[in-house]
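A quick write-up on the structure given underneath.
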Amino acid sequence: MRMSRLLSQTLREAPSDAEIISHQLLVRAGYIRQMAAGIFTAMPLAKRSLTKIENIMRDEMNKINGQEMSMPVVNPAEIWKATGRWEKVGPEMGRFQDRNGRDMVLAMTHEEAVVAVVKDEVQSYRQLPMMIYHIQTKWRDDPRPRAGLIRVREFTMKDSYSLDQDWDGLDHQYANHYRAYFNIFGRCKLPVIAVESDVGMMGGNLAHEYMYITPIGEDTLLLCDKCGYSANRQIAEFKKVKAEEEKVLDREKIATPETKTIADLAALLEIPESKTDKVVFMMAAKSTEEGEQETLVFAIVRGDMELNETKLMNAVGARSLRLAEEEEIKACGAVPGYASPVGLKDVLVVVDDLIPQSPNLVAGANEEGFHFKNVNYGRDFTADIVADIAAAQDGDACPTCGAAMKAVRGVEVGNIFKLGTWYSEAVGATYQDADGNEKPIVMGSYGIGSGRLLASVVEEYNDKYGLILPITISPYEVHLVELAGSKDVSGEVKKTAEQIYKDLTAAGLEVLFDDRDESPGVKFNDADLIGIPLRLTVGHRALKEGGIELKLRHESEKSQIPVGQAVEKTQEIIQGLYDEVLDNLETVEFEG
RNA sequence: CGGGGUGUAGCGCAGUUGGGAGCGCGCCGCGUUUGGGACGCGGAGGUCGACGGUUCAAGUCCGUCCACCCCGACCA
């Protein structure tokens with residue numbers, strides 16, 4: 001490709017609304033342009049990279065017997081009504097009506113489409129196991145798109161779906177994906193870890209998220225260096241330190257004016273925060289026969305801990321949670337700032353499992369300006385549910401080995417999920433087993449977003465000059481720079497560069513040829529910005545010695561090769577770059 | 001949805017008490033330059049986010065709305 005014809009202008013300055021590095025660089029280098037919040041155009045450079053990423057996904061999916069297909073982006077509402085998600089999913093689902101007033105959905109994922117097809121096509125155990133996948137556009141009307149390609153509303157995802165007779169079959173396909181996903185990220189040179197994640201309400205029993213560790217990540221992970229335990233904070237467990245045994249004391253009401261926070265309370269009474277109860281009021285939404293219903297949940301953790309909303313949601317079986325409004329709190333007789341489970345009725349009380357083991361805590365008195373001392377679970381109040389609802393924090397003890405865990409941020413670049421029979425039962429996607437029994441197909445679903453993956457790689461590999469892309473996903477393999485200028489009176493430089501461009505292309509290499517009439521500085525800076533791994537320079541300096549110059553993007557040294565060896569040498573280097581990626585690929589098997 | 005911020009040329013920005021729509025980069029033409037974002041001269045490019053109001057006069061003041069960014073809520 002000649003740069004003089006490329007629809008991708010580099011920018012000296014990034015748009016002011018680009019804040020993270022990958023966003024700035026991808027815009028500056030001409031890979032992407034924004035069209036609306038969370039909606040981007042992939043310019044030719046980005047499109048080539050994305051295609052390469054997707055081809056790596058294809059290859060790895062095909063290796064584990066995936067069959068590529070393409071399911072529609074626009075779905076009839078019926079198939080979403082069949083699984084209940086038409087009602088269940090909120091405004092993040094794109095909906096519209098066709099000309100005849102029929103409800104339509106812009107697919108945010110394709111479980112519905114899968115079961116709609118499979119229901120009619122799969123009838124016998126003889127057809128199973130099966131694995132299908134596609135690479136397709138998704139629309140999720142995220143309330144807050146951000147960080148360039150990291151979090152968008154319209155995106156392309158490789159999503160695959162495993163279909164099995166039983167859970168053993170699913171376990172096998174799950175393990176296949178677990179390994180294949182490490183291969184995909186490895187081939188893109190993106191370092192990731194797999195962490196256990198929330199399975200939500202879909203009845204699955206296991207899910208992993210592939211996380212690229214970076215401070216710009218939106219998820220918090222807890223990692224144990226000692227034993228390797230790793231989990232999303234949403235579900236991370238930890239060993240809680242029990243309070244020391246104490247004699248249970250009599251409850252006592254004390255005046256605590258203007259003391260509405262745990263910190264204030266601990267300071268006023270000169271006690272540690274761990275000697276207090278923290279109350280958080282949440283409104284939990286549940287889907288019932290009569291539709292959506294909200295109930296107030298009175299959640300209690302020890303004062304030194306934080307509530308984990310995902311754990312609470314799972315404990316009460318809610319679909320979603322939100323903080324309660326002050327009026328809603330008052331309506332049940334509690335007093336914000338002085339709230340307490342003591343003496344309350346008709347609310348759902350959920351306490352963290354550490355509370356019953358913590359004697360003589362300070363809790364609110366449900367009266368403005370007063371707290372109770374020596375509140376004890378069992379004697380002074382009881383809960384409807386006792387469960388682990390506290391959030392693990394940096395430094396907390398690992399649930400398996402007890403070592404201190406660390407909290408880090410990560411971007412979720414992929415996830416694998418044992419769905420089980422939730423969808424197949426909902427729509428009656430069943431097969432007949434060898435004994436003639438009708439059984440629901442056991443499913444798994446697995447996804448990787450290609451744009452987010454590209455942005456993560458850029459985030460990982462860059463310097464102040466621009467991108468430094470791995471050869472496997474670089475839009476071109478070679479960046480050929482011609483420095484003819486007016487000194488090139490004989491046209492020798494120009495001629496040589498044109499010939500090398502022709503030869504490299506003929507040899508099957510993907511070449512971006514900077515044939516523009518620009519100064520050397522401009523060309524070099526653009527080459528660095530675009531980040532193709534190998535740069536060849538044809539200029540009078542080397543050419544008078546019969547050579548051309550060669551430089552790897554990730555190294556600072558330049559070298560020279562004879563013009564006659566340009567093709568051969570370039571092929572060798574490019575092959576070396578590919579080999580290096582494959583040589584460093586580690587096979588990671590699922591153990592669990 | 002709550003809090004904060006920004007909307008002026010393709011990008012980055014300036015615009016004072018209300019009266020001229022500007023600067024740098026980029027773009028077009030001519031010339032000089034040519035190994036790390038060169039220089040001179042000449043040029044094109046604007047519903048000043050939108051609508052309404054105040055005023056002799058609005059980029060500037062007032063109101064409403066919209067868009068985009070950041071934090072939170074939410075979300076895979």
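Here is how names work: the chains are called A, B, and so on, in the same order as the sequence lines, proteins then strands, and each is numbered from 1.
Remark: of the listed residues Y212(A), Y178(A), Y210(A), Y210(A) is the sole one forming a ring pair (Phe, Tyr, Trp, His ring centres under 6.0 Å) with F185(A).
Under the 4.5 Å side-chain criterion, counting only non-hydrogen atoms from C-beta, E54(A) is not in contact with K158(A). The side-chain heavy atoms of L163(A) and M443(A), taken from C-beta on, include a pair separated by under 4.5 Å. Residues V192(A) and F182(A) have side chains in contact (heavy-atom distance under 4.5 Å, counting atoms from C-beta outward).
Residue R28(A) contributes atom CZ, which lies 10 Å from atom C1' of G37(B) at whole-angstrom precision. One interatomic measurement links the two molecules: CG of D515(A) to C1' of U34(B), which rounds to 16 Å at whole-angstrom precision. Going from atom CD of E19(A) over to atom C1' of G4(B) covers 13 Å, rounded to whole Å. A76(B) atom C1' lies 16 Å from atom OH of Y446(A), rounded to whole Å. Rounded to whole Å, atom P of C74(B) lies 11 Å from atom CG of L312(A). In this structure, R516(A) places its CZ atom 12 Å from C1' of G26(B), rounding to the nearest Å. Straight-line distance from the CE atom of M93(A) to the C1' atom of A76(B): 14 Å, rounded to whole Å. Computed from coordinates, the D517(A) CG to C27(B) P distance equals 11 Å when rounded to whole Å.
Where M157(A) and M35(A) each meet RNA chain B at their nearest nucleotide, the meeting point lying more 5' is that of M35(A).
Between R144(A) and the phosphate of A73(B), there is no side-chain N or O to OP1/OP2 separation shorter than 4.0 Å.
Using a cutoff of 4.0 Å between basic side-chain nitrogens and carboxylate oxygens, E112(A) and R85(A) are scored as salt-bridged. Between E154(A) and K138(A) there is no salt bridge, since none of the side-chain N atoms of the basic residue sits less than 4.0 Å from a carboxylate O of the acidic one.
For Y133(A), the ring pair (Phe, Tyr, Trp, His ring centres under 6.0 Å) criterion is met by no residue, not counting sequence neighbours. Residues forming a salt bridge (charged side-chain N to carboxylate O under 4.0 Å, His left out) with D463(A) (at least two apart in sequence, or on another chain): R553(A). Qualifying ring pair (Phe, Tyr, Trp, His ring centres under 6.0 Å) partners for F155(A), counting only residues two or more places apart in sequence or in other chains: none.
Heavy-atom distances under 4.0 Å link RNA chain B to F524(A), N525(A), D526(A), D528(A), L529(A), R535(A) of residues 524-536 of chain A, given in residue order. Contact check of residues 480-489 of chain A against RNA chain B (heavy atom, cut-off under 4.0 Å) returns L483(A), G485(A), S486(A), K487(A). A heavy atom lying under 4.0 Å from RNA chain B marks none of the residues of residues 215-223 of chain A.
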Filtered N/O pairs between nucleotides 5-14 of chain B and protein, under 3.5 Å:
residue, atom, partner, partner atom, Å
C11(B), O2', E13(A), O, 3.0
G12(B), OP1, S16(A), N, 2.6
G12(B), OP1, S16(A), OG, 3.4
G12(B), O2', E13(A), OE2, 3.0
C13(B), OP2, S16(A), OG, 3.1

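When heavy atoms are screened at a 4.0 angstrom cut-off, P145(A) is found touching the sugar-phosphate backbone but no base atom. Using a 4.0 Å heavy-atom distance criterion, Q34(A) is classed as a sugar-phosphate-only contact. Among the heavy atoms of the strands lying under 4.0 Å from R140(A) is at least one base atom, whether or not backbone atoms are also near. Within 4.0 Å of A147(A), counting heavy atoms only, lie sugar-phosphate atoms of the nucleic acid but no base atom.
One P atom belongs to G49(B), the other to A14(B), and the distance between them is 13 Å to the nearest Å.
Remark: F96(A) CZ is packed, more than 12 non-hydrogen atoms of other residues, nucleotides or ligands lying under 6.0 Å away. At most 12 heavy atoms of other shown residues, nucleotides or ligands fall within 6.0 angstrom of atom CD1 in I21(A).
Here the closest non-hydrogen pair linking M43(A) and L7(A) is CE-O, 3.5 Å.
Residues in residues 208-221 of chain A take part in these salt bridge (charged side-chain N to carboxylate O under 4.0 Å, His left out) pairs, two or more places apart or across chains: R146(A)-E218(A), R151(A)-E218(A). Sorted by first then second residue, the side-chain hydrogen bond (donor to acceptor under 3.5 Å, both in side chains) pairs that include residues 12-36 of chain A, not counting sequence neighbours, are S22(A)-E459(A).
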**OP:** Indicate for each nucleotide in nucleotides 38-47 of chain B, in 5' to 3' sequence, whether protein heavy atoms under 4.0 Å reach the base (B), only the sugar-phosphate (S), or nothing (-).
**Re:** S---------
Donor-acceptor pairs are to be reported for all side-chain atoms of residues 534-543 of chain A against protein atoms at under 3.5 Å, with residues two or more places apart or in another chain.
none

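Helical stems in RNA chain B, defined as runs of 3 or more consecutive Watson-Crick or G-U wobble pairs with donor-acceptor distances under 3.5 Å: B:1-7 with B:66-72, B:10-13 with B:22-25, B:27-32 with B:38-43, B:49-53 with B:61-65.
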